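Reading through the structure tokens given below for one structure.
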There are 2 protein chains.
Amino acid sequence: MQSPTPAGRTGRPRSAAADAAILAATREALVELGWSKLTLGDVATRAGVAKTTLYRRWAGKNELVVDAVAELFDELELPDRGSLANDIEGVVLQFAAILDRPEAKSGLMAAVAESTRDEALRERIRASIVDRQKRLVVAGRSRAQCRGELPAEPDPEEAARTVDLIFDMVAGAVVHRTLMSGKPANEEWVRDFTRVLLQGLGSEPPEPTTP
Amino acid sequence: MQSPTPAGRTGRPRSAAADAAILAATREALVELGWSKLTLGDVATRAGVAKTTLYRRWAGKNELVVDAVAELFDELELPDRGSLANDIEGVVLQFAAILDRPEAKSGLMAAVAESTRDEALRERIRASIVDRQKRLVVAGRSRAQCRGELPAEPDPEEAARTVDLIFDMVAGAVVHRTLMSGKPANEEWVRDFTRVLLQGLGSEPPEPTTP
DNA sequence: AGCTTTCGCTACGACCCGTAGCGTAATACC
DNA sequence: GGTATTACGCTACGGGTCGTAGCGAAAGCT
């Protein structure tokens, strides 16, 4: 997960408990201090380990925070809710709930910002966060094709392009809504979003919000 | 634009040339160093001003970078290209071109990350960057309604929600494509994106990419 | 046992931060 | 032209964080 996993097999093994404590302390520090004021010395103190232990496992702040934030996305699931629209609404609400947590907001965006100048960090984010989310898109799309809700795309290259497009549209909209617009991606918004995604902008709303 | 604009009217005025030099130096430093390694002392040296001059005008790194990045979005325009689809493709390509610049990527995302813990900074970003982009959505939508390409929404509250939704979907998709997926938002992608946005996911592609 | 690796601790030079103080330069008002 | 007022450049400073080195002790494996 972190630094070049120790090659040798003999000797005292690394403490797994220390790993968990460090990542939890990192998230705690992210909540209280945010990215810029988070220091590795402070994280070490919170975790009850020495600062040098941190540097033995992670190359720096970037890698540590990515690993700490990645764990937040472990709970993402895609239960079968009967229709494509329901599947989308369900997973988007899950994603929005994770993004609403302060440690996810500041940590993820800061890491992405740093990754624009660090190829290895970008790959780390892709492998531990982005690809995990994209798998949900692949699964949901294939499920919808079996239901006949989406057209089949025999060309694998074109199918991959479509998956990428849907992924960027879904995740991008939620992230932008949450971070840039600063408004909640609640049920009402998710309903509207899903309708536009599935039927396009030309469609008219089913009901003018009369609860 | 920056710090509490000097209240008094007498005395030596602030140098406007210094402002431009500082903002340009900030963008240059963003390109070469990225957000985390950018220091205000270095920016001051590049701009040919004293470090104290920087602190007299901006409260800190966050505010300075936001102002420096905001200027990049000044060139955004919405020329009338005849149809809603063409309008969208045009403005999205402009937006993607700006986002592709390294100073925009690292600067904007880092500022957004910091803004999750700084209400004043979030407001600054909203006023100088986000709202300027949203105006294009409002204009493009109203133009499309005049053409009859989009349904009219008489309820102003519902119209505002629709504008917000479209804005987050468009800008979010481009940002996510560029930064998270790390792939270019080129003409091919923009064509696919516009088709899905207007017609929804159920529609089939017009031609299987046969140039 | 003995070997190997991790761990906690301390200390260190290097860098950047943000501010204070001073003398000088540039404008507005009279 | 003289004067008040503000901005500017420069230097210097205490405080904080960085990332690393070195040490003795602890914890596993064979």
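Per chain, numbering begins at 1; letters A, B, ... match sequence-line order. Since the structure is predicted, the reported quantities are computational estimates derived from the model, not experimental observations.
- Across the helix from C:dA1-D:dT30 to C:dC30-D:dG1, the helix axis at one end is tilted relative to the axis at the other end by 30° (nearest 10 degrees, each axis from five pairs).
- As a whole-Å value, the separation of A:L54 CG from C:dC7 C1' is 12 Å.
- Contact check on A:K61 versus A:E114 returns no salt bridge, with no Lys/Arg side-chain nitrogen under 4.0 Å from an Asp/Glu carboxylate oxygen.
- Counting only residues at least two apart or in different chains, ring-ring contact (aromatic ring centres under 6.0 Å, His included) contacts with residues 26-45 of chain B are absent.
- Around atom CD of B:E187, no more than 12 heavy atoms belonging to other residues, nucleotides or ligands sit under 6.0 Å away.
- A:D131 meets the side-chain hydrogen bond (donor to acceptor under 3.5 Å, both in side chains) test with A:R126; sequence neighbours excluded.
- Panel note: side chain B:E149, backbone B:L84; a donor-acceptor pair is recorded below 3.5 Å.
- The side-chain hydrogen bond (donor to acceptor under 3.5 Å, both in side chains) search around A:T162 returns A:E153, not counting sequence neighbours.
- In terms of heavy-atom proximity, B:S15 sits nearest to B:R57 at O-NH1, 3.1 Å.
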Letter per nucleotide, 5' to 3', of nucleotides 15-30 of chain D [B base touched, S only sugar-phosphate touched, - untouched; heavy atoms, 4.0 Å]: --SSBBB----BBB--
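- Side-chain N or O atoms of A:D87 include one that pairs as donor or acceptor with a backbone N or O of A:R81 at under 3.5 Å.
- Less than 4.0 Å separates DNA chain C from no heavy atom of any residue of residues 109-119 of chain A.
- One finds no salt bridge joining A:R161 and A:E158 here, because no Lys/Arg side-chain nitrogen approaches an Asp/Glu carboxylate oxygen to under 4.0 Å.
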